[in-house]
Amino acid sequence: QVDVTAMARLFGYVDVTDSGFIVAVLTIAFNPLFWNVVARWEHKTRALSRVFGSPHAACYCLGVVILMLNCVRSHCFTEAMKSQPKLEGLDCHWAYYSGLAILAVGTLFVISSFLALGFIGTFLGDYFGILMKAKVTSFPFSVLDNPMYWGSTAIYLGWSLMHASPAGLLLTAVVAISYTIAVLYEGPFTEQIYRQKRKGVKSK
């Protein structure tokens with residue numbers, strides 16, 4: 001039998017009908033949906049590459065848009081936390097510093113992922129036909145798959161603990177679910193792109 005007392009208590013602190021909370025959920029869900037739809041559309045049509053004159057320019061523009069959307073998401077996330085009550089059990093020094101440590105680890109994974117992939121690699125360059133020569137296996141990819149996504153999730157988790165926010169913890173779960181779904185769609189498609197590249201090389 002599952003003890004749902006802790007979960008029920010957590011939901012007791014969160015007003016899921018609050019407009020700020022709903023907006024935060026929508027921005028969290030929208031971002032990976034947006035970049036996956038746009039990137040696959042570009043891969044199929046090369047429309048953005050034609051509009052911007054080159055795949056590199058198009059990829060940089062999409063990357064800037066994704067960064068802006070992520071800033072909006074983080075703002076909505078923070079505002080949703082501020083508008084809802086704190087959890088007394090988390091409003092203490094140990095929770096704050098634990099959250100800070102988790103946030104620092106998440107930031108390390110995000111920044112090191114960006115440095116390993118570069119701007120083009122980070123922002124779906126392979127969908128624009130800008131393929132990497134080899135799979136990146138250096139840190140943090142040597143530690144876990146999709147470190148950018150899980151690092152970002154860790155940042156939100158740490159931020160939520162630092163604010164002792166049940167709403168933040170629930171929104172972090174939404175972030176994790178959104179990224180899990182994104183990985184399920186992106187992973188096989190990206191592998192297909194590189195399989196097509198290898199077949200093209202062999203046929204020459």
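Computed from heavy atoms alone, side chains included, the values below leave out hydrogens, waters and symmetry copies.
The CG atom of Leu144 lies 7.5 Å from the OG atom of Ser113; values are rounded to the nearest 0.5 Å. Here CH2 of Trp159 is found 6.0 Å from OG1 of Thr78. Values are rounded to the nearest 0.5 Å. Note: Leu90 CG to Ser98 OG = 9.5 Å, rounded to the nearest 0.5 Å. To the nearest 0.5 Å, the span separating CG on Leu48 from OG on Ser54 amounts to 11.0 Å. The distance from the CD1 atom of Ile66 to the SG atom of Cys71 is 12.0 Å, given to the nearest 0.5 Å.
Heavy atoms only, all atoms of each residue included: Ala80 and Ser83 are closest at O-OG, 2.9 Å. Between Ala24 and Cys76, the shortest heavy-atom distance links the atoms CB-O, 3.7 Å. Nearest approach of Met162 to Leu100, heavy atoms of both residues: CG-N, 3.6 Å. Heavy-atom minimum distance, Gly125 versus Cys59: CA-SG, 3.8 Å. Closest heavy-atom contact between Gly106 and Ile155: C-CG1, 3.7 Å. Residue Ser138 comes nearest to Ala116 through the heavy atom pair OG-CB, 4.2 Å, listed as atom of the first residue, atom of the second, then distance.
The side-chain hydrogen bond (donor to acceptor under 3.5 Å, both in side chains) pairs that include a residue from residues 25-37 are Asn31-Asn70, Trp35-Tyr149, Trp35-Glu186, Asn36-Glu186, where partners are two or more places apart or lie in different chains.
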Please assess Ile28 against Ile177 for the test side-chain contact (heavy atoms from CB on, under 4.5 Å), listing each intermediate value before the final yes or no.
CA-CA 10 Å; Ile28 290 168; Ile177 292 169; over 6 Å; no
Report the C-alpha distance between Tyr60 and Ile120 in whole Å, list the side-chain angles of each, state the deciding distance to 0.1 Å, and finish with yes or no for side-chain contact (heavy atoms from CB on, under 4.5 Å).
CA-CA 7 Å; Tyr60 273 107; Ile120 295 290; 3.7 Å; yes
Audit row: Trp150, Asp145, side-chain contact (heavy atoms from CB on, under 4.5 Å) steps and yes/no:
CA-CA 9 Å; Trp150 306 129; Asp145 292 329; 5.7 Å; no
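With a 4.5 Å cut-off on side-chain heavy atoms, Ser152 and Arg73 count as touching. Side chains of Met132 and Asp126 form no contact here, defined as non-hydrogen atoms less than 4.5 Å apart. In this structure the side chain of Phe109 never reaches within 4.5 angstrom of the side chain of Thr153, judged on heavy atoms. Considering only heavy atoms from C-beta on, His43 stays 4.5 Å or farther from Leu124 through its side chain. For the pair Val38 and Val65, the minimum side-chain heavy-atom distance is 4.5 Å or more. In this structure the side chain of Gln84 never reaches within 4.5 angstrom of the side chain of Tyr13, judged on heavy atoms. Contact check for Phe141 versus Leu117: side-chain heavy atoms found under the 4.5 Å cut-off. Residues Leu169 and Leu161 meet the side-chain proximity criterion, which asks for heavy atoms closer than 4.5 Å.
Judged by distance alone, the side chains of Ser49 and Glu42 do bring a donor and an acceptor atom under 3.5 Å apart.
Relative ring orientation between Phe189 and Tyr127 is described as parallel, the plane-to-plane angle staying below 30° on a 0-90° scale split at 30° and 60°. The aromatic rings of Phe119 and Phe123 sit tilted, their planes meeting at an angle between 30° and 60°. Using the six-membered ring where Trp is involved, Phe77 and Tyr156 have ring planes that are tilted, between 30° and 60° apart.
Phe34 and Leu26 fall into different hydrophobic clusters, where Ile, Leu, Val, Met, Phe, Trp and Tyr are joined by side-chain heavy atoms under 4.5 Å apart, directly or via other members. Under the 4.5 Å side-chain heavy-atom criterion for ILVMFWY residues, a single connected hydrophobic cluster contains both Met148 and Phe139. Criterion: ILVMFWY side-chain heavy atoms under 4.5 Å apart, direct or through other members. Under it, Ile22 and Val72 are not part of a common hydrophobic cluster. Val174 and Leu184 fall into different hydrophobic clusters, where Ile, Leu, Val, Met, Phe, Trp and Tyr residues are linked whenever their side-chain heavy atoms come under 4.5 Å apart, directly or through other members. Hydrophobic clustering (ILVMFWY, side-chain heavy atoms < 4.5 Å, transitive): Ile193 and Val136 are in one cluster.
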